[in-house]
Number of protein chains: 2
Amino acid sequence: MKNKQKQIQLRDVQDVIDIIGGRWRGAILASLCDKEKRFNELQRDLGEITARTLIKELKYLEMNKLIDRNIDQTESSTVRYMLTKHGKSLDPLIEAIVSWGQQHRKLILGKSDMKILDEAIAG
Amino acid sequence: MKNKQKQIQLRDVQDVIDIIGGRWRGAILASLCDKEKRFNELQRDLGEITARTLIKELKYLEMNKLIDRNIDQTESSTVRYMLTKHGKSLDPLIEAIVSWGQQHRKLILGKSDMKILDEAIAG
DNA sequence: TTGGTAGGTATCCTAAAAGATAGTTGTATT
DNA sequence: AATACAACTATCTTTTAGGATACCTACCAA
């Protein structure tokens, strides 16, 4: 019984990490927390993502009801991506993630890049 | 300036997802939030993970100072994995994740498995 | 009518993650 | 001395994510 409960929680963690995990999804959602964005705007925002990857991730997030894809008919069929209400419910979680990430960096390094972690710990 | 701020947050999100992301890390940490565990105990807990993968992930988490590997000398060199103090600071975040995950499943399906999401949405 | 931008698609390719499976070492157990 | 379990390690193979690149369509502006 107690064991069952635990299993459910592990699955929940896995599911959420599926959704915000991967190289880009978290960042896409974080970027859309700010405000709605157009395709190219997102692509510039994220830096190095290719169009192929971006569109794939956007479709995935759309399927999961986290974002909407809106075509603005008035203005030459502009496409806008925005969080759904459900997507917006992720906002506090993302902020918690950001805040933990900042603490983590401070605690581990007091430096700006966590990728050098291995050396830092070895030394 | 405002743009700069946004960049930093995106990086934070990425960093944290690096740490708790992937197929297993989140679940391993969640499982250790409960209590310290032995290697085989963890392996059973997580269901389908192979020893090779588990040990790799454990080493990664150890390197990132989130867990400790303790050898109990008294009792036939039993190995125990447990969260460090820093690892424990992830607990609230993991609980937030679990709670959002539960909401998500309810909202999307009212069912028990999110993996059938695609069909559910298509229908 | 040519060029530029937005919003994509289609193919091919590579590197990294993770599974399958077998083997190893140490300890305790009978 | 033989068996069994814990805690790994080693090798090989498959799967998957994501990059590189080229192309396409619609719309507008000059």
Side-chain angles (χ1 to χ4, degrees), chain A residues 10-11 13-29 31-32 35-64 67-82 115 117-118, chain B residues 10-11 13-15 17-29 31-32 35-64 67-82 114-115 117-118:
Chain A
L10 292 190
R11 189 192 52 186
V13 173
Q14 302 279 46
D15 284 347
V16 176
I17 285 172
D18 265 8
I19 287 173
I20 63 171
R23 181 154 173 199
W24 297 113
R25 278 172 210 162
I28 292 170
L29 289 166
S31 172
L32 290 175
K35 59 174 169 54
E36 63 179 56
K37 302 253 166 77
R38 298 168 61 172
F39 183 84
N40 285 329
E41 204 172 352
L42 268 173
Q43 197 172 0
R44 273 179 240 115
D45 228 37
L46 294 167
E48 304 184 297
I49 195 169
T50 60
R52 172 185 172 279
T53 300
L54 180 53
I55 198 72
K56 262 182 53 188
E57 299 300 29
L58 288 171
K59 276 176 183 166
Y60 174 90
L61 293 173
E62 213 189 334
M63 275 195 350
N64 280 270
I67 66 174
D68 272 336
R69 179 179 179 277
N70 271 280
I71 302 179
D72 184 342
Q73 303 293 12
T74 66
E75 188 201 331
S76 76
S77 315
T78 296
V79 177
R80 290 175 197 289
Y81 292 93
M82 59 194 66
K115 308 306 179 187
L117 198 57
D118 303 6
Chain B
L10 291 191
R11 189 192 55 184
V13 173
Q14 302 280 46
D15 282 348
I17 285 173
D18 268 6
I19 288 173
I20 64 170
R23 179 152 174 200
W24 297 112
R25 278 171 213 163
I28 292 170
L29 290 167
S31 172
L32 290 175
K35 59 175 171 51
E36 63 180 57
K37 301 254 166 76
R38 299 169 61 171
F39 183 84
N40 285 331
E41 204 173 353
L42 268 173
Q43 195 172 1
R44 275 179 240 115
D45 229 37
L46 295 167
E48 304 184 295
I49 195 169
T50 60
R52 174 184 171 278
T53 301
L54 180 54
I55 199 73
K56 262 183 53 189
E57 300 299 28
L58 288 171
K59 277 175 182 164
Y60 175 90
L61 293 172
E62 213 188 334
M63 273 193 352
N64 280 270
I67 67 174
D68 272 336
R69 178 177 180 277
N70 271 280
I71 302 178
D72 185 341
Q73 303 291 13
T74 65
E75 188 201 331
S76 76
S77 313
T78 297
V79 178
R80 290 176 196 288
Y81 293 93
M82 60 194 67
M114 294 207 314
K115 307 309 179 186
L117 198 57
D118 303 7

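Lettering of chains follows the sequences in order, A, B, ..., and the numbering in each one begins at 1.
- Taking 4.0 angstrom as the limit, A:Arg38 places a side-chain polar atom (N or O) nearer than this to OP1 or OP2 of C:dG7.
- For D:dA10, the OP1/OP2 oxygens have no side-chain nitrogen or oxygen of B:Lys56 closer than 4.0 Å.
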Quick one: do A:Phe39 and A:Leu58 satisfy side chain to side chain contact (heavy atoms under 4.5 Å, CB included)? Show the steps, please.
-> CA-CA 9 Å; A:Phe39 183 84; A:Leu58 288 171; 3.9 Å; yes
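- Rounded to an integer number of Å, the gap from CG of A:Leu58 to C1' of C:dT9 is 15 Å.
- One atom, CG of A:Leu54, and another, C1' of D:dA17, lie 15 Å apart when rounded to the nearest Å.
- Among the protein residues, B:Arg25 comes within range of no part of the nucleic acid, since none of its heavy atoms lies under 4.0 Å from any strand.
- When each of C:dG7, C:dG19, D:dG18 is scored by its nearest atom to the side-chain atoms of B:Arg52, the top-ranked nucleotide is C:dG19.
- In DNA chain C, stems built from 3 or more consecutive Watson-Crick or G-U wobble pairs, each with both distances under 3.5 Å, span C:1-30 with D:1-30.
- Counting only distance, with no hydrogens or angles, the side chain of B:Gln14 and the backbone of A:Gly26 share no donor-acceptor pair below 3.5 Å.
- Summarising the geometry, atom CD1 belonging to B:Ile67 is positioned 12.0 Å from atom NZ belonging to B:Lys37; distances are rounded to the nearest 0.5 Å.
- Not one N or O on the side chain of A:Arg69 forms a donor-acceptor pair closer than 3.5 Å with the backbone of A:Lys59.
- In this structure, A:Arg69 places its CZ atom 9 Å from P of C:dG7, rounding to the nearest Å.
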Step by step, would you call B:Met82 with B:Leu32 a side chain to side chain contact (heavy atoms under 4.5 Å, CB included)?
-> CA-CA 6 Å; B:Met82 60 194 67; B:Leu32 290 175; 5.8 Å; no
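- When the P atom of D:dA7 is taken as reference, atom CD of B:Glu36 falls 12 Å away, rounded to whole Å.
- For the pair A:Thr53 and D:dG19, the criterion of a side-chain N or O lying under 4.0 Å from OP1 or OP2 is met.
- Between B:Glu41 and B:Asp45, the closest side-chain pair of non-hydrogen atoms is not below 4.5 Å.
- Atom-to-atom, CD1 of A:Ile55 to C1' of D:dA20 comes out at 18 Å; the value is rounded to the nearest Å.
- B:Arg44 has a side-chain polar atom (N or O) that falls below the 4.0 Å cut-off from OP1 or OP2 of D:dA6.
- Positionally, the nearest nucleotide of DNA chain C for A:Asn40 lies more toward the 5' end than for the other of A:Asn40 and B:Glu57.
- Between B:Trp24 atom CH2 and C:dA18 atom C1' the separation is 10 Å, expressed in whole Å.
- Summarising the geometry, the separation between CZ on A:Arg23 and P on D:dT16 is reported as 20 Å, rounded to the nearest angstrom.
- Whole-Å rounding puts the A:Asp72 CG to D:dC27 P distance at 14 Å.
- A:Tyr81 comes within 4.0 angstrom of the backbone, heavy atoms only, and of no base.
- Toward the 5' end of DNA chain D, the nearer of the two residues A:Ala51 and A:Gly21, judged by each one's closest nucleotide, is A:Gly21.
- Proximity of A:Trp24 to A:Leu61: side-chain heavy atoms (C-beta onward) are nowhere separated by under 4.5 Å.
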